[in-house]
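For reference, positions follow the sequence shown, starting with 1.
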Amino acid sequence: MMITSARQESWPKMLLTGAQMLFVAFGALVLVPLLTGLDPSVALFTAGLGTLVFHGVTKQSVPVFLASSFAFIAPIQGSVASFGVSATLGGLMAAGLVYVVISQAVRLKGTAWLHRLLPAVVVGPVIMVIGLALAPVAVSMATGETSDSIGYGQAIFLSMASLLVTLVLAVFGRGLLRLVPIMGGIATGYALALIMGVVDFTPVRDAAWLSLPNFTAPSFHWAAILFMIPVAIAPAVEHIGDMVAIGSVTRTNYLEKPGLHRTLLGDGLATTVAALFGGPPNTTYSEVTGAVTLTKAFNPMYMVVAAVIAIVLAFVGKLGALLQTIPGPVMGGIMTLLFGSIAVVGMNTLVRAGQSLTAARNLVVVSLILVFGIGGMQFGGGQFTLQGVSLAALVGIALNWLLPAEKEGE
């Protein structure tokens, strides 16, 4: 009843509430492309388009906004360095299709097989690898190694100030402030960089007010596809938790209606469409779920309005150029917390499972996932190189499948 009556609300309220939802998601949305070398204007466009695709598939029944997935930050950075942007986008399209395949398997077989294939002892350490594999990149950005015009002292000051504000807002913030810690950290770091005179506004001056985002077409290479496909496993499993979370807020079981297979399908198609235009993979945003909890804005139409606003903003050329003037150390400081927090999510997955990690079977599975994923192990060569998260995930799945289960009492 609550959602039905909400549909009768006025357009001014719709626009204001939709804009607020986009504001909550904005900092994290543009953070991913800024860290991975993709275009933030394209990310805005594909977040909006992906959200519309999701609501088309789920028939506007779930109040969620889809935007850039943090789980893919480290893999995209690694893939761009190894294979280039275009081939990485091809890999991301394939990762989106993995969601689609999983959604159809869930439609036909339910979710029990998914939990058997990907138990906590596999998913937990794989998520930890996603967070920790490129932690040195965060540190090099935070210390100014990637910036030509910012020295070590200035870089450390900027990165630690940004980090401090982000964690203070995340831990001590109340109301809307607690939902935008990343944006608060970036704004503080940017303001300090302006005072220090290390922001270059040349890109903003050169940019037009209105312009097409820098769309990039994907290309398809086996190495990039093999590298990226297993990364989709962790966000697909996490998606179930996201649907339960928003369902607990609105007191609706979205796993039954519209059904987990539909929400997974919407997420997968949104990711594939995003990569088609040169944007990062999409996922449901917990920040927006927090905003829905706070404002009681349960009407999915708010998210459709937020998506349309995101698409319109993508064509404001000076906005995209302004985002790209944010100094590297500011982003690096926030990355140190971000990558660590992804690893903690993986650790928490293991802890909640309640299994003994010193049991021989679990010890072998977790140890090899972590060392292969973080240590730089690789198999094969050329187009068929397996390394990083993809190798770690496949090793974990294979070991979990091949090793006998622990007997009771062992």
Undergrad: Any side chain to side chain donor-acceptor pair (under 3.5 Å) pairs touching residues 101-112, not counting sequence neighbours?
TA: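 Of all non-adjacent pairs touching residues 101-112, those that pass side chain to side chain donor-acceptor pair (under 3.5 Å) are Gln104-Arg107.
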Undergrad: With sequence neighbours excluded, what pairs up with Asp200 under the side-chain hydrogen bond (donor to acceptor under 3.5 Å, both in side chains) test?
TA: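 Counting only residues at least two positions away or on another chain, Asp200 forms a side-chain hydrogen bond (donor to acceptor under 3.5 Å, both in side chains) with Thr202.
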Undergrad: Measure across Ala274 and Asn282 and return the closest heavy-atom pair with its distance rounded to 0.1 Å.
TA: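 Closest approach of Ala274 to Asn282, heavy atoms only: CB-ND2, 3.7 Å.
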Undergrad: So, applying side-chain contact (heavy atoms from CB on, under 4.5 Å) with Pro125, which one of Leu132, Ile130, Leu368, Leu370 is it?
TA: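 Single pass found, and it is Leu370.
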Undergrad: Do the non-hydrogen side-chain atoms of Trp209 and Phe315 ever get within less than 4.5 Å of each other?
TA: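 Contact flag for Trp209/Phe315 side chains = no.
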Undergrad: Which side-chain N or O atoms in residues 146-159 pair as donor and acceptor under 3.5 Å with protein atoms at least two apart or in another chain?
TA:
| residue | atom | partner | partner atom | Å |
| --- | --- | --- | --- | --- |
| Ser159 | OG | Ala142 | O | 3.1 |
| Ser159 | OG | Ala155 | O | 3.0 |
| Ser159 | OG | Ile156 | O | 3.1 |

Undergrad: Taking all heavy atoms of Pro40 and all of Gln324, pick out the closest pair and write down the distance.
TA: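 Scanning both residues completely, I find the closest heavy atoms to be CD-NE2, 3.3 Å.
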Undergrad: Side chains of Met303 and Val288: closer than 4.5 Å at any heavy-atom pair?
TA: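 Met303 vs Val288: side chains touch.
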Undergrad: Rounded to the nearest 0.5 Å, what's the gap from CD1 on Ile334 to CE on Met183? Could you check?
TA: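 CE of Met183 is found 10.5 Å from CD1 of Ile334.
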Undergrad: Identify the heavy atoms of Val199 and Pro327 that sit nearest to each other, and give their distance.
TA: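 Looking at all heavy atoms of both residues, the closest pair is CG2-CG, 4.2 Å.
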Undergrad: Pairs of donor and acceptor atoms involving the side chains of residues 48-55, under 3.5 Å and at least two apart or interchain, shall be tabulated with distances.
TA:
| residue | atom | partner | partner atom | Å |
| --- | --- | --- | --- | --- |
| Thr51 | OG1 | Ala47 | O | 2.8 |
| Thr51 | OG1 | Leu66 | N | 3.0 |
| Thr51 | OG1 | Leu66 | O | 3.1 |
| His55 | NE2 | Val64 | O | 2.9 |

Undergrad: In sequence, state the C-alpha distance, the side-chain angles, and the governing distance for Leu319 and Leu44, and then conclude on side-chain contact (heavy atoms from CB on, under 4.5 Å).
TA: CA-CA 11 Å; Leu319 175 63; Leu44 263 172; 4.1 Å; yes
Undergrad: Would you say that Thr295 contacts Met21 through its side chain, given a criterion of any heavy-atom pair below 4.5 Å between the two side chains?
TA: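 SC-SC contact between Thr295 and Met21 confirmed.
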Undergrad: Let me confirm one number: the OG-CD1 distance from Ser390 to Ile229, rounded to the nearest 0.5 Å.
TA: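 With rounding to 0.5 Å, OG (Ser390) is 9.5 Å from CD1 (Ile229).
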Undergrad: Of all residues at least two apart in sequence or in a different chain, which pass the side chain to side chain contact (heavy atoms under 4.5 Å, CB included) check with Arg174?
TA: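 With neighbours one apart ignored, the set is Arg178.
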Undergrad: Considering only heavy atoms from C-beta outward, does the side chain of Met128 approach that of Thr349 to under 4.5 Å?
TA: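 No, their side chains stay 4.5 Å or more apart.
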Undergrad: Given side chains that start at C-beta, do those of Leu22 and Leu313 come closer than 4.5 Å, heavy atoms only?
TA: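 The answer is yes, as the side chains (C-beta and beyond) meet within the 4.5 Å cut-off.
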Undergrad: Hey, are the side chains of Pro300 and Ser61 touching, using non-hydrogen atoms and a 4.5 Å cut-off?
TA: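 The answer is no, as the side chains (C-beta and beyond) never meet within the 4.5 Å cut-off.
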Undergrad: Grab the two heavy atoms, one from Phe70 and one from Ala28, that are nearest each other, plus how far apart they are.
TA: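 Minimum heavy-atom contact is CZ-CB, 3.4 Å.
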Undergrad: Would you say the side-chain atoms of Lys59 pair up with the backbone N or O of Gly56, donor to acceptor, closer than 3.5 Å?
TA: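 No: the side chain of Lys59 does not pair with the backbone of Gly56.
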Undergrad: I'd like to check the side chain to side chain contact (heavy atoms under 4.5 Å, CB included) partners of Leu164; sequence neighbours left out, ordered by chain and number.
TA: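 Testing Leu164 for side chain to side chain contact (heavy atoms under 4.5 Å, CB included), a comparison that skips the adjacent residues, returns Leu167, Val168.
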Undergrad: Would you sort out whether Val305 and Thr17 count as a side-chain contact (heavy atoms from CB on, under 4.5 Å), showing the intermediate values?
TA: CA-CA 8 Å; Val305 171; Thr17 308; over 6 Å; no
Undergrad: Would you list the pairs meeting ring pair (Phe, Tyr, Trp, His ring centres under 6.0 Å) in which at least one residue belongs to residues 164-198, sequence neighbours left out?
TA: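 Qualifying pairs: none.
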Undergrad: Return the set of residues passing side chain to side chain contact (heavy atoms under 4.5 Å, CB included) with Leu403 (not counting sequence neighbours), or none when no residue passes.
TA: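 Only Arg361, Val364, Val365, Leu399 meet the side chain to side chain contact (heavy atoms under 4.5 Å, CB included) criterion with Leu403.
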Undergrad: Hey, are the side chains of Pro75 and Val389 touching, using non-hydrogen atoms and a 4.5 Å cut-off?
TA: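 SC-SC contact between Pro75 and Val389 confirmed.
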Undergrad: So, Asn214 side chain and Asp39 main chain: donor-acceptor pair closer than 3.5 Å or not?
TA: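 Absent.
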Undergrad: If you take all heavy atoms of Trp113 and Ala105, which pair is closest and at what distance?
TA: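 Distance-wise, the nearest heavy atoms are CZ2-CB, 3.2 Å.
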Undergrad: Give the intermediate values and the outcome of side-chain contact (heavy atoms from CB on, under 4.5 Å) for residues Thr358 and Leu363.
TA: CA-CA 5 Å; Thr358 55; Leu363 184 69; 5.6 Å; no
Undergrad: Can you find a pair of side-chain heavy atoms, one from Thr58 and one from Lys257, that are under 4.5 Å apart?
TA: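 No, too far: nothing below the 4.5 Å cut-off.
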Undergrad: Which residues pass the ring pair (Phe, Tyr, Trp, His ring centres under 6.0 Å) test with Phe215, not counting sequence neighbours?
TA: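 Phe215: ring pair (Phe, Tyr, Trp, His ring centres under 6.0 Å) contacts with Phe45, Phe277.
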Undergrad: Within the 3.5 Å criterion, strictly below it, is a donor on Thr283 or His239 matched to an acceptor on the partner's side chain?
TA: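 His239 and Thr283 do not have a side-chain donor-acceptor pair below 3.5 Å.
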Undergrad: Go through the structure and list residues passing salt bridge (Lys or Arg N to Asp or Glu O under 4.0 Å) with Lys318, not counting sequence neighbours.
TA: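 Residues passing salt bridge (Lys or Arg N to Asp or Glu O under 4.0 Å) with Lys318: none at all.
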Undergrad: Which pairs pass salt bridge (Lys or Arg N to Asp or Glu O under 4.0 Å) with one or both residues in residues 12-26, sequence neighbours excluded?
TA: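 Listed by first then second residue: Glu9-Lys13.
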Undergrad: What is the minimum heavy-atom distance between Val57 and Arg262, and which atoms define it?
TA: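 Scanning both residues, the minimum pair turns out to be CG1-O, 3.4 Å.
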Undergrad: Looking at residues at least two apart in the chain, or sitting in another chain, which of them share a side chain to side chain contact (heavy atoms under 4.5 Å, CB included) with Thr88?
TA: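 Listed in chain order: Ile76, Ser79, Val80, Leu92, Met228.
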Undergrad: Between Ile240 and Thr263, does the side-chain contact (heavy atoms from CB on, under 4.5 Å) criterion hold? Intermediate values first, please.
TA: CA-CA 9 Å; Ile240 300 172; Thr263 62; over 6 Å; no
